[in-house]
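Reviewing the structure listed below.
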Amino acid sequence: MAEAAKWYVVHTYSGYENKVATNLEKIVENRKLQDLIQEIRVPTETVIEVKDNKRKEVERKIFPGYVLVKMVMTDDSWYVVRNTRGCTGFVGPASKPIPLTDEEVAKLGVETRQVEVRYQVGDTVKITDGPLEGFMGIVEEIDVPKYKVRVVVSMFGRETPVELELDQAELVE
């Protein structure tokens, strides 16, 4: 059942995002719907504001008026979310819920992927995916937060830097 769970965007009254999230969490807990509605998030970012020459860290909503919900779409789960106080509906054509794609979820940073990198800068790696599959190269830079690695590959007698995702390269033993 957990495999069918996808992220959906729910539209709320502006300023009611946290209230909708807590109301929805309570409903899920009371009705024991944890297997249908798994996660509820209000995307926020920490910003430093300067006011009267004083620096202050403030948590700001990235998408005011929206809440992200990871759920299995059934008539029951749709009804529960749609009829939560403060919720105006799902984002999609004619309020028909459309799940976020994996790329959108990754860009929003909603789900963090655990990455185990077995190579380091200076190691020789083999490219396992993409147009340069099978090529060998030397790791020049690793950027774990962005899920990227830069590998220098020798093509046609020239050194060419290539940017890959971390799982597109593996250490050559």
Partner set under side chain to side chain donor-acceptor pair (under 3.5 Å) for Glu49, not counting sequence neighbours | Arg60

Within a reach of under 6.0 Å around CD of Glu25, are more than 12 heavy atoms found that belong to other residues, nucleotides or ligands?
-> yes

Look at the side-chain heavy atoms of Ile, Leu, Val, Met, Phe, Trp and Tyr, link any pair under 4.5 Å apart, and say whether Leu132 and Phe156 land in one connected group.
-> yes

Close side-chain approach of Leu33 to Ser77, heavy-atom, < 4.5 Å | no

Should we count CG of Asn30 as having more than 12 external heavy atoms under 6.0 Å?
-> yes

Is there side-chain contact between Val67 and Ile40, with heavy atoms separated by less than 4.5 Å?
-> yes

Tightest non-hydrogen contact, residues Ala5 and Gln38, listed as CB-OE1, 3.3 Å

More than 12 heavy atoms of other groups within 6.0 Å of Gln120 CD = no

For residues Ile62 and Val42, determine if any side-chain heavy atom of one lies less than 4.5 Å from a side-chain heavy atom of the other.
-> no

Enter the distance from Arg85:CZ to Ile27:CD1 here, rounded to the nearest 0.5 Å.
-> 10.0 Å

Taking side-chain contact (heavy atoms from CB on, under 4.5 Å) as the test, write out the residues that go with Arg150, two or more places apart.
-> Glu140, Glu141, Pro161

4.5 Å side-chain heavy-atom contact, Ile138 and Val151 = no

Exceeds 12 heavy-atom contacts within 6.0 angstrom, atom OH of Tyr119 = yes

Rounded to the nearest 0.5 angstrom, the CZ-CD distance for Arg31 and Glu29 is 13.5 Å

Backbone of Gly15 reached by a side-chain donor or acceptor of Glu17 within 3.5 Å | yes

Nearest heavy-atom approach of Lys126 to Val172 is N-CG2, 3.6 Å

Specify the closest pair of heavy atoms between Leu166 and Lys148, including all atoms of both residues, with the distance to one decimal.
-> CD2-O, 3.4 Å

With hydrophobic residues grouped by side-chain heavy-atom distances under 4.5 Å, do Phe63 and Val47 end up in a single group?
-> no

Same cluster or not: are Val50 and Val58 linked, directly or through other Ile, Leu, Val, Met, Phe, Trp or Tyr residues, by side-chain heavy atoms under 4.5 angstrom apart?
-> no

Considering residues, nucleotides and ligands other than Glu57, do more than 12 of their heavy atoms fall under 6.0 Å from its CD?
-> no

Mind checking whether Asp143 and Val149 have side chains closer than 4.5 Å, heavy atoms only?
-> no

Is any side-chain N of the basic residue among Arg41 and Glu39 closer than 4.0 Å to the acidic one's carboxylate O?
-> yes

Decide yes or no on side-chain contact (heavy atoms from CB on, under 4.5 Å) for Thr88 and Tyr13, but give the supporting numbers first.
-> CA-CA 7 Å; Thr88 59; Tyr13 293 128; 3.5 Å; yes

Are Trp7 and Pro99 side-chain neighbours, meaning at least one heavy-atom pair lies under 4.5 Å?
-> no

Can you name the nearest heavy-atom pair linking Thr128 to Ala169, along with the distance?
-> OG1-N, 3.9 Å

Taking all atoms of both residues into account, what is the closest heavy-atom pair of Val153 and Val162, and its distance?
-> CG2-CG2, 4.0 Å

Just by distance, do the side chain of Thr12 and the backbone of Gly86 share a donor-acceptor pair under 3.5 Å?
-> no

Taking C-beta and beyond as the side chain, do Thr74 and Leu36 meet within less than 4.5 Å on heavy atoms?
-> yes

Answer yes if Ile127 and Leu171 sit in the same cluster of Ile, Leu, Val, Met, Phe, Trp and Tyr residues linked by side chain heavy atoms under 4.5 Å apart, and no otherwise.
-> yes

Does the side-chain contact (heavy atoms from CB on, under 4.5 Å) test come out yes or no for Thr160 and Val152, once each step is laid out?
-> CA-CA 5 Å; Thr160 308; Val152 177; over 6 Å; no

Would you say Met73 and Met71 make side-chain contact, with heavy atoms under 4.5 Å?
-> yes

Thr84 (side chain) donor-acceptor with Cys87 (main chain) under 3.5 angstrom | no

Derivation and outcome, side-chain contact (heavy atoms from CB on, under 4.5 Å), residues Asp35 and Val72 = CA-CA 8 Å; Asp35 56 334; Val72 178; over 6 Å; no

Greater than 12 external heavy atoms within 6.0 Å of Lys26's NZ = no

Determine whether the aromatic ring centres of His11 and Tyr66 lie less than 6.0 Å apart.
-> yes

Heavy-atom pair with the smallest gap, counting every atom of Asn18 and Lys61 = ND2-NZ, 3.9 Å

Separation of Asp129 CG from Leu164 CG (nearest 0.5 Å) = 9.0 Å

Ile98, Leu100: one ILVMFWY side-chain cluster at the under-4.5 Å cut-off?
-> no

